[in-house]
Amino acid sequence: MPLPRLNTLPAIEAEALLRRCCGSHRWAERIAEHRPYPDAESLLAAADEASYDLTQDELAEALAAESAHQPLTRHPQVDQPGVLAAHTALRAASAAYESRFGHAFVICLDGYRPGELLDQTLAGIRARLGHEVDEERAVTADEMRRIARGRLARLVSRGAEPRTAETPGITGPSVPD
């Protein structure tokens with residue numbers, strides 16, 4: 001969707017579209033309220049500011065929206081060496097993470113090649129499992145900010161709908177099998 005179109009959408013439509021970038025209603029409302037944006041950089045700066053201002057409840061709402069779109073339904077191709085084991089490890093680590101922190105694991109994978117996504121996700125989740133709750137809360141908030149920013153940038157640059165990953169608990173570009 002070109003930026004001029006986002007700028008002129010009725011507020012309720014803009015907010016619904018923006019909630020696909022970040023599941024916090026307040027975040028989407030805030031971005032929609034400050035339209036029109038003169039350029040994509042201004043929009044992304046507003047998105048960053050709105051992300052930094054999320055309360056714990058608003059972050060929880062955004063994380064819940066991510067969790068709702070991340071079912072454990074992907075099945076890796078068994079003939080790829082190590083992929084089944086990696087997906088099994090990812091499921092186990094995701095369950096441990098959710099048990100420890102009370103929400104799905106999220107990570108922004110923008111900038112990585114498709115072949116790196118699974119390894120980056122596993123490395124990220126393993127490292128972050130060692131965080132204290134407050135430290136992980138801050139890391140999660142920043143990952144959500146980066147995810148929302150990336151989705152919003154793709155939305156206005158390519159005109160594509162925001163995408164979420166299809167792998168459980170991971171947000172960013174889709175993770176291939």
Side-chain angles (χ1 to χ4, degrees), residues 1-3 5-6 14-24 26-28 30-32 37 39-54 58-74 76 80 83 86-87 89-91 93-94 97-98 101 103-129 131 135-177:
M1 165 173 297
L3 181 57
R5 175 81 174 111
L6 178 64
E15 289 171 19
L17 184 63
L18 291 165
R19 278 194 308 274
R20 295 186 64 195
C21 296
C22 176
S24 163
R26 181 65 193 126
W27 182 92
R30 186 167 174 191
I31 302 299
Y37 294 98
D39 52 43
E41 292 78 24
S42 299
L43 172 64
L44 296 176
D48 282 345
E49 185 176 326
S51 293
Y52 291 131
D53 291 343
L54 288 178
E58 292 162 347
L59 178 59
E61 178 186 29
L63 289 167
E66 294 297 318
S67 297
H69 297 292
Q70 306 300 327
L72 291 170
T73 58
R74 299 270 313 208
Q80 294 178 346
V83 172
H87 277 268
L90 177 59
R91 284 181 178 83
S94 293
Y97 180 94
E98 191 161 347
F101 297 110
H103 59 81
F105 176 76
V106 292
I107 187 169
C108 181
L109 296 170
D110 291 349
Y112 290 103
R113 293 186 311 258
E116 299 174 315
L117 300 179
L118 188 56
D119 288 341
Q120 289 299 321
T121 302
L122 282 168
I125 200 168
R126 287 178 177 150
R128 288 170 54 190
L129 273 167
H131 288 174
E135 178 184 13
E136 183 55 23
R137 186 177 298 124
V139 171
T140 297
D142 194 55
E143 290 295 322
M144 285 299 307
R145 179 194 62 78
R146 293 176 57 218
I147 290 163
R149 186 184 215 312
R151 288 176 181 163
L152 195 53
R154 285 187 294 278
L155 174 69
V156 297
S157 70
R158 293 194 314 233
E161 294 294 313
R163 291 179 22 181
T164 58
E166 296 172 47
T167 299
I170 301 167
T171 304
S174 293
V175 179
D177 288 331

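One-based numbering along the sequence shown.
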Stepwise, does the side chain to side chain contact (heavy atoms under 4.5 Å, CB included) test hold for Tyr37 with Leu44?
CA-CA 10 Å; Tyr37 294 98; Leu44 296 176; over 6 Å; no
Run Cys22 and Ile147 through side chain to side chain contact (heavy atoms under 4.5 Å, CB included) and show every step you take.
CA-CA 8 Å; Cys22 176; Ile147 290 163; over 6 Å; no
Go through it in stages, so that I can follow the logic: the residues are His87 and Leu118, the test is side chain to side chain contact (heavy atoms under 4.5 Å, CB included), and I'd like the CA-CA distance, side-chain angles, deciding distance and then a yes or no.
CA-CA 8 Å; His87 277 268; Leu118 188 56; 3.9 Å; yes
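Minimum interatomic distance between Leu18 and Ala32 (heavy atoms only, all atoms of both residues): CD1-N, 3.8 Å. Here the closest heavy-atom approach between residue Leu152 and residue Ala47 is recorded as CD2-CB, 3.6 Å.
Between Pro2 and Leu6, the closest side-chain pair of non-hydrogen atoms is not below 4.5 Å. Considering only heavy atoms from C-beta on, Met1 stays 4.5 Å or farther from Val156 through its side chain. The closest side-chain heavy-atom distance from Arg128 to Ile107 is below 4.5 Å. Within the 4.5 Å cutoff, the side chain of Ser24 has no heavy atoms near those of the Leu59 side chain. The side-chain heavy atoms of Glu61 and Arg26, taken from C-beta on, include no pair separated by under 4.5 Å.
The side-chain hydrogen bond (donor to acceptor under 3.5 Å, both in side chains) search around Asp53 returns Arg30, not counting sequence neighbours. Checked against side-chain hydrogen bond (donor to acceptor under 3.5 Å, both in side chains), Arg145 has the following partners two or more places apart in sequence or in another chain: Asp48, Tyr52, Asp142. Taking Glu116 as the reference, Arg113 meet the salt bridge (charged side-chain N to carboxylate O under 4.0 Å, His left out) condition, with sequence neighbours excluded. Looking at residues two or more places apart in sequence or on another chain, you find a side-chain hydrogen bond (donor to acceptor under 3.5 Å, both in side chains) between Arg137 and Gln56, Asp134. With sequence neighbours left out, the ring-ring contact (aromatic ring centres under 6.0 Å, His included) criterion links Phe101 to Tyr97. Ser51 meets the side-chain hydrogen bond (donor to acceptor under 3.5 Å, both in side chains) test with Trp27; sequence neighbours excluded.
To the nearest 0.5 angstrom, Gln120 atom CD is 8.0 Å from Leu117 atom CG. For the atom pair OG1 (Thr140) and NE2 (His103), the distance works out to 4.0 Å, reported to the nearest 0.5 Å. With values rounded to the nearest 0.5 angstrom, Leu3 atom CG is found 7.5 Å from Asp39 atom CG. From Leu155, atom CG reaches atom CZ of Arg5 across 11.5 Å, with rounding to the nearest 0.5 Å.
Each of Arg149, Arg151, Arg154 was checked for a side chain to side chain donor-acceptor pair (under 3.5 Å) with Asp110, and the lone residue meeting it is Arg154.
With hydrogens and angles disregarded, a donor-acceptor distance shorter than 3.5 Å links the side chain of Glu143 to the backbone of Cys108.
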